[in-house]
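Each remark here refers to the structure printed beneath this line.
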Amino acid sequence: MKPSRRISVIGAGYVGLATSVGLANRGHVIDLVETRPDRLQILESGSLPIHEPGMASVFADPDTRSRIRPFSAPQLGCDLIMVCVGTPVDEEGRSDLRQIESALRSVAALVAAGTPVVIRSTLPAGSGPRIVEWLGGHRSRIFLNPEFLQQGRAIEDFLEPTRVVIGAYPDADPDALAMVRDVLHFTSCPLLVVGMMEADLIKNGANAFLALKLSFANELAVLCEALGADVVEVVEGIGLDPRIGTKHMRPSFGFGGSCLPKDLCALTNVGKELGLAMHVTSAASEANADHQEHFASRVAGLLPAGCTRVALLGLAFKAGTDDTRSSPSLRVAQILIDRGVDVVGYDPHAAENALREVPGLSIAATAADAIASAGVVAIGTEWPEFRDLDWAALAGTMVSPTVIDGRRLLDADRMRALGYHYETVGAPIPSRVPSSVR
Ligand SMILES: NC(=O)c1ccc[n+]([C@@H]2O[C@H](COP(=O)([O-])OP(=O)(O)OC[C@H]3O[C@@H](n4cnc5c(N)ncnc54)[C@H](O)[C@@H]3O)[C@@H](O)[C@H]2O)c1
């Protein structure tokens, strides 16, 4: 049995919470430091400030919950510090490292006094010298541990990781490294102890590759629409080659979230700053933006004459989360709003975050409210509950029963049998039947 540690986790976002709940579940005591008053207040009231279904059930365990104590600033006396703050990109796609700088400066005195620090935030490759500067030196006690969790299954991924990567300087303190390894490598999954640069590149490279796969599937989808072919069959046939694989190839109108677009951008920019072309990663970002534009144009093109109302079902960047950062659905909403379309959105968990990002959006309390009087329903997020809507009854509430499904969620035959003009991504586009004969 490995010893229980007192660990200071800095940042109570998706990664910080998965880290805190996961490590508390394994018997460690967590000082969870968060500067956002709203998140801190929710934690102090004994709840989680984000929507992560599996995490809530682990957090519901009273022993786990009692080991997590929220604070607004780092406390003295911990064995280890784990930094999980955000590293977004700015408008130009450059990494904005202000959160990490301020978090590292806030724990520099603890590190100077001998406490090792592990950075779990994703950093652009080559950030090592700045980290060391912000921590006031002590590089032998500084480690990286990139996180590979997927939102919607964050706690499962934390507790059952595919691999654990630890980045360390060549002169790493062996006792500190042993403690980091003990705390983080608690399953039989592969452990890779690598250099700092390699650790950054593993994380950025993994996300960039996932983004490439998705961009490729989405580009094939657009091609299939033009050729009248079905991309799902095509992708399955391609992916059954074990060198390619079928995972992470599900076609849609774009990928989003706080990681893939950002890490793709960060990797591209690091290369470009070194004078490299970065053709592949640049193209994947551009293609993703184009796929969202293409979908928005399809939605707008389906509006019947005189109707400007679109119901957008799903605002989160994917199902299973309330996160709307770089959500393709919201990007489509913004494009449509800019073209004068009235977009009425509905999402079971992400409405509040969506409204913060796209103030021009109207929010409906239910999917049925969003759909009533709309000329088109666009499926933006693959929430399974949208499958179970009473589509037969909803058809009569619309100006024209038309659905465009950006996630290939609904059954095409069933929707058409109910009288809908139904289109999806990466499939032959049926010609419109005049509404009088529907
Ligand atoms: N979200 C994911 O799925 C995921 C997966 C793997 C890696 N990552 C990486 O992990 C990092 C965190 O991502 P996230 O989605 O959890 O971000 P997030 O924005 O949800 O959470 C970051 C939190 O840190 C807090 N914070 C900022 N500065 C602070 C400080 N000085 N002290 C205390 N708290 C502070 C913020 O208020 C925020 O609540 C990013 O680098 C991201 O790229 C994210």
Side-chain angles (χ1 to χ4, degrees), residues 8-22 30-43 48-52 54-55 70-75 78 81-89 95-110 117-125 127 131 134-135 144-158 161-165 199-200 202-208 210-211 255-267 316-318 320-327 350 353 356-357:
S8 189
V9 174
I10 316 293
Y14 295 84
V15 169
L17 286 165
T19 305
S20 301
V21 174
I30 309 298
D31 292 351
L32 179 52
V33 181
E34 173 56 56
T35 46
R36 242 174 84 169
D38 56 336
R39 284 191 167 169
L40 194 59
Q41 203 179 358
I42 295 171
L43 284 165
L48 288 172
I50 58 167
H51 174 71
E52 265 294 335
M55 191 185 293
F71 293 102
S72 59
Q75 306 293 300
C78 58
I81 301 158
M82 294 202 178
V83 178
C84 304
V85 300
T87 48
V89 286
S95 295
D96 172 355
L97 299 182
R98 280 175 297 178
Q99 285 187 44
I100 197 105
E101 175 177 358
S102 121
L104 293 182
R105 289 193 190 283
S106 77
V107 296
L110 300 177
V117 58
V118 176
I119 297 163
R120 310 202 74 229
S121 304
T122 304
L123 297 169
S127 306
I131 292 168
W134 294 331
L135 284 166
L144 299 180
N145 170 236
E147 171 58 70
F148 299 101
L149 66 79
Q150 303 165 68
Q151 281 173 234
R153 41 168 299 138
I155 194 70
E156 287 160 81
D157 285 347
F158 182 85
T162 49
R163 73 283 209 199
V164 170
V165 174
D200 282 336
I202 288 170
K203 174 63 193 171
N204 275 274
N207 272 357
L210 292 171
F255 61 82
S258 68
C259 291
L260 264 51
K262 162 176 88 83
D263 295 349
L264 192 61
C265 223
L267 196 68
F317 85 91
K318 67 174 185 178
T321 182
D322 57 353
D323 198 346
T324 52
R325 289 176 287 181
S326 297
S327 165
N353 287 339
R356 211 174 293 132
E357 291 198 31

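Quick caveat: nothing in here was measured; it's all calculated off a predicted structure. Numbering of ligands and ligand atoms starts at 1, following listing order.
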Check: Does an N or O from Ile10, backbone or side chain, lie closer than 3.5 Å to an N or O of ligand 1?
Finding: no
Next item on the list: Distance to 0.1 Å, residue and atom name: give those for the protein heavy atom nearest to atom 30 (C) of ligand 1.
Entry: Thr35 CG2, 3.8 Å
Margin query: Give me the residue, atom name and distance of the protein heavy atom closest to atom 22 (C) of ligand 1.
Written below: Gly86 N, 3.6 Å
Margin query: Can a donor-acceptor pair be found, under 3.5 Å and without considering hydrogens, that links the side chain of Asn353 to the backbone of Thr324?
Written below: no
Next item on the list: Could you establish whether Ser106 and ligand 1 come within less than 4.0 Å of each other, counting only heavy atoms on the residue side?
Entry: no
Notebook entry, point to check: At a 4.0 Å threshold, what atoms of ligand 1 neighbour a non-hydrogen atom of Ser102?
Noted result: 31 (N)
Next item on the list: Please lay out, stage by stage, how Phe255 and Lys318 fare under the test side-chain contact (heavy atoms from CB on, under 4.5 Å).
Entry: CA-CA 9 Å; Phe255 61 82; Lys318 67 174 185 178; over 6 Å; no
Check: Which atoms of ligand 1 have any heavy atom of Cys84 under 4.0 Å away?
Finding: 12 (C), 22 (C)
Item checked: Nearest option to atom 38 (C) of ligand 1, as decided by whichever heavy atom of Gln150, Gln151, Arg39, Arg36 sits closest -> Arg39
Next item on the list: Please report which non-hydrogen protein atom sits nearest to atom 27 (C) of ligand 1, along with the residue it belongs to and the distance in Å to one decimal place.
Entry: Gln99 OE1, 3.0 Å
Margin query: To check your reading of the model: name the closest protein heavy atom to atom 41 (O) of ligand 1, its residue, and the distance in Å.
Written below: Thr87 OG1, 2.5 Å
Check: Got the closest protein heavy atom to atom 43 (O) of ligand 1, with its distance?
Finding: Lys262 NZ, 2.6 Å
Item checked: 4.5 Å side-chain heavy-atom contact, Ile81 and Pro74 -> no
Check: Does CZ in Arg163 sit with more than 12 non-hydrogen atoms of other residues, nucleotides or ligands closer than 6.0 Å?
Finding: yes
Notebook entry, point to check: What heavy-atom pair brings Ala125 and Asn204 nearest, and what distance separates the two atoms?
Noted result: N-ND2, 4.1 Å
Check: Which atom pair, heavy atoms only, marks the closest approach of Gly11 to Val85?
Finding: CA-CG1, 4.2 Å
Next item on the list: Would you mind telling me if ligand 1 is within reach of the side chain of Ala154, the backbone, both or neither, using heavy atoms under 4.0 Å?
Entry: neither
Margin query: Suppose I only count heavy atoms of Ala103 and a 4.0 Å limit; which atoms of ligand 1 are within that range?
Written below: 31 (N)
Item checked: Nearest-0.5 Å distance that lies between atom CZ in Arg325 and atom NZ in Lys262 -> 8.5 Å
Next item on the list: Apply the side chain to side chain contact (heavy atoms under 4.5 Å, CB included) test between Leu144 and each candidate in Leu123, Val165, Val118, Thr122; give the one that qualifies.
Entry: Leu123
Notebook entry, point to check: Within a strict 4.5 Å, meaning less than it, do heavy atoms of the Phe158 and Thr19 side chains meet?
Noted result: yes
Checklist line | Region of Leu17 that comes within reach of ligand 1 [heavy atoms, distance under 4.0 Å] | finding: neither
Check: For atom 13 (O) of ligand 1, what's the nearest protein heavy atom and its distance?
Finding: Val15 CG2, 4.0 Å
Checklist line | Closest non-hydrogen atom pair, Pro261 against Ser326 | finding: CG-CB, 4.0 Å
Check: Which protein heavy atom lies closest to atom 28 (N) of ligand 1, and at what distance to 0.1 Å?
Finding: Val85 CG1, 3.6 Å
Notebook entry, point to check: atom 14 (P) of ligand 1: which of Arg325, Glu147, Glu34 has the nearest heavy atom?
Noted result: Arg325
Next item on the list: Heavy-atom contacts with Tyr14 under 4.0 Å: which atoms of ligand 1 show up? List them by number with element.
Entry: 1 (N), 14 (P), 15 (O), 16 (O), 20 (O)
Note to self: List ligand 1 atoms under 4.0 Å from Ser121, heavy atoms only on the residue side.
What the structure shows: 10 (O), 11 (C), 41 (O)
Check: Do you see a donor-acceptor pair shorter than 3.5 Å between the side chains of Asp31 and Gln75?
Finding: no
Note to self: Below 4.0 Å, non-hydrogen atoms only: which portion of Cys259 touches ligand 1? Side chain, backbone, both or neither.
What the structure shows: side chain
Next item on the list: Return the minimal non-hydrogen interatomic distance between Leu17 and Ala12, and the atom names on each side.
Entry: CD1-O, 3.4 Å
Checklist line | Top protein contact for atom 24 (O) of ligand 1, by heavy-atom distance | finding: Gly11 CA, 3.4 Å
